[in-house]
There are 2 protein chains.
Amino acid sequence: MNDKKYHHGNLKQCLIEAGIDLLNEEGENHFSLRKVAALCDVSNAAPYSHFKNKEDLLEAMKKYVTEQFSQQLYNAIQGESVEDPNTIVKMGKSYILFFINHPQYFEFLFSRPCIRVNLNMNDDGKSNFPPFELLKELHFKVLSKCGFSDEKIKDMIISSWATVHGLAAIATMEGVIYDESWENKIEAIISNKEKN
Amino acid sequence: MNDKKYHHGNLKQCLIEAGIDLLNEEGENHFSLRKVAALCDVSNAAPYSHFKNKEDLLEAMKKYVTEQFSQQLYNAIQGESVEDPNTIVKMGKSYILFFINHPQYFEFLFSRPCIRVNLNMNDDGKSNFPPFELLKELHFKVLSKCGFSDEKIKDMIISSWATVHGLAAIATMEGVIYDESWENKIEAIISNKEKN
DNA sequence: ATTATATCTTAACACCGTCAAGATTAATTT
DNA sequence: AAATTAATCTTGACGGTGTTAAGATATAAT
C-alpha cells in the first residue's frame, strides 16, 4: 500500500520550501541537508540531483526569501506617488518591518557569501540583490524630481540604505522588544535622513 | 624526545586564540572544534575541560573580539573633547573602520545568539555588548552638554548606532571596494545625522 | 521498442560534536 | 613528605553530517 513514487515530481521546489520551514523552526545552526531530504520523503543523496551541495541549496533558499522581500518592498509603494519624498520613507519602513516580522531572515540573507552589490552603480558588475535595485530606482525617480544631482543621489542611497539596514539589524537583535514606539522612532529617523 | 607535556598549561586561552586564527583563515563555516584542538596540539575532547561545548568556545571568542573592538572605540576618542560633537563622529568612523579592517568579524560578532541590548536604557537588563555602552555613554556626555533632553538623546543614540552599523554592514559586503571615497562618504553621512 | 537521460536509492567514506571511562598531573590536605 | 583530592588531558566510542560512486528506476527521445 505504498503509493510513494520513485520520482518525486517536484523535488527541487519541495527542497527549497522544506528547507525554509526547517530554517524557521530550528535555525541555520541545526539545519541539515539530510533533514530537508527527510522532510521531502526522499533519500539522503537525492538533493544532489538538483543542487551541487548544501551551500547551493542554501543559496536557492536565499533567492526564494529575497524574492518575497522584494515583493513586499514593491507592494509597499504601489499607488504611491514618485513625486512625494515620503514614498521613500514608506519603502524604508517596509524594509525594516520585513525583518521585524521574520527576524531569522536577517542573518540568513546577509550571511556571506551571497550578496554582491555594486555601490558605484555603473553598468558593469550589477548587484545580485534585487531589493537594493528597488531602493536605488525609487531614489533616482523621486530625488531627481527634487532636483538633486546623480552624484548626490548616489550618496543619499547609501545613506538611506545604511539607515534602514542598521535599524533592521538592531530591531532584530536579541532582547530588543518591538512595540508601537518603534513605529515613530523609525519614521522619525528615516524622515530626518530624508531632508538633506 | 617528545617534550610535550600532558598538561598544556594555558589551553583555555590558546583555544580562544587558535579559534580566532582558524576563523580568520577558513571562515565560520569550516570552523571545527577538532581543528582548534589540533592547532593547540591536544586531543579532540580536551576543549571540553574548559568549554561546555562548541557554542561556548565561540562565545568566548566573541567576547575576545568584542574586547578588541571596545578597545579601538575607546582609543579613538582618547584626548578628544566631550564638548565637541565631532568626537561622536570620530567614534562612529572608528566603529566602521574596525569592520572594514576585519570583515569576517561583522557576521561573527552579530550572529545570534550573542548580543543582547537594552534599548530602553534603563537599569534592569543591561546590554552585554560593551561597544554599545561606550557609544551610549559618549552620546549622553556630549549631547547633554548641547542641551538635549535625555529622551531625545536616547533616540539619537539609536539613530547614530543604526547609521554606523548599517554602513559597516554595507562596507563589509562582498563586492564592495573600500577606497578613499568612503572616508568622505562616511564622514558626511555621520556628520549630517549629527545635526538634528 | 529501443535508447538515452534524468532522477532517485543504497552503501560507503571521512569528518564532526559530544560523552564516558580512565590516565596523568597539579593542588590541597594531613 | 605522603596521601588525598581536584583539575586536566587521552582514548575510544556513538550517532549525525556532507558528499560521492555505483547502480536502480522512471521518463523522454529516437
Practice task
Let me know the distance between NZ of A/K12 and P of C/dC8, rounded to the nearest Å.
Solution key: 12 Å

Practice task
Please report how far the helix from C/dA1-D/dT30 to C/dT30-D/dA1 bends, comparing the axis fitted to its first five pairs with the axis fitted to its last five, to the nearest 10 degrees.
Solution key: 10°

Exercise for the section: State yes or no: are the ring centers of A/H102 and A/F108 separated by less than 6.0 Å? Expected result: no

Practice task
Identify, with sequence neighbours excluded, every residue that meets salt bridge (Lys or Arg N to Asp or Glu O under 4.0 Å) alongside B/E67.
Solution key: none

Problem - Neighbours of DNA chain D within residues 15-28 of chain B, by heavy-atom distance under 4.0 Å - result: none

Listed pairs under 3.5 Å, donor-acceptor, residues 45-55 of chain A side chains, sequence neighbours left out:
{"residue": "A/N53", "atom": "OD1", "partner": "A/E55", "partner atom": "N", "Å": "3.3"}
{"residue": "A/N53", "atom": "OD1", "partner": "A/D56", "partner atom": "N", "Å": "2.9"}

Fill in the blank from the handout: Hits for ring-ring contact (aromatic ring centres under 6.0 Å, His included) against A/F69, two or more places apart or cross-chain, chain-then-number order -> A/Y95, A/F98, A/F99

Practice task
Summarise how protein sits on nucleotides 14-20 of chain D as a single string, 5' to 3': B when a protein heavy atom is under 4.0 Å from the base, S for sugar-phosphate-only contact, - for no contact.
Solution key: ---BBBB

Practice task
Return no unless some side-chain N or O of B/S43 is found under 4.0 Å from OP1 or OP2 of D/dT10.
Solution key: yes

Exercise for the section: Please list, chain by chain and in numerical order, all residues satisfying salt bridge (Lys or Arg N to Asp or Glu O under 4.0 Å) with B/K62, sequence neighbours excluded. Expected result: none

Exercise for the section: Measure the spacing between SG of B/C146 and CE of B/M156 and express it to the nearest 0.5 Å. Expected result: 7.5 Å

Exercise for the section: Using the salt bridge (Lys or Arg N to Asp or Glu O under 4.0 Å) rule, collect all pairs that involve residues 22-43 of chain A, keeping only residues at least two apart or in two chains. Expected result: A/E26-A/K35

Problem - Partners meeting salt bridge (Lys or Arg N to Asp or Glu O under 4.0 Å) with A/E133 (sequence neighbours left out) - result: A/K126, A/K136

Handout entry: Co-membership, hydrophobic cluster, residues A/W182 and B/I153, 4.5 Å side-chain
Key = yes

Problem - Gap between atom CD1 of B/I158 and atom NE2 of B/H165 - 0.5 Å precision - result: 13.5 Å

Practice task
For B/D179, check side-chain hydrogen bond (donor to acceptor under 3.5 Å, both in side chains) against everything at least two apart and list the hits.
Solution key: B/S181

Problem - Whether A/Q72 side chain and A/S94 backbone form a donor-acceptor pair below 3.5 Å - result: yes

Problem - Rounded interatomic separation in angstrom, taking NE2 from B/H50 and C1' from C/dT18 - result: 16 Å

Exercise for the section: Mind calculating the distance between NE2 (B/H8) and C1' (D/dT10) to the nearest angstrom? Expected result: 15 Å

Produce the list of close N/O pairs, under 3.5 Å, pairing protein atoms with atoms of nucleotides 21-25 of chain C; give distances to one decimal.
{"residue": "C/dA23", "atom": "N3", "partner": "B/Y6", "partner atom": "OH", "Å": "2.9"}

Fill in the blank from the handout: When rounded to whole Å, the CG to P distance for the pair B/D56 and C/dG17 reads 14 Å

Problem - Partner residues of B/E183 under the salt bridge (Lys or Arg N to Asp or Glu O under 4.0 Å) criterion, sequence neighbours left out - result: B/K93

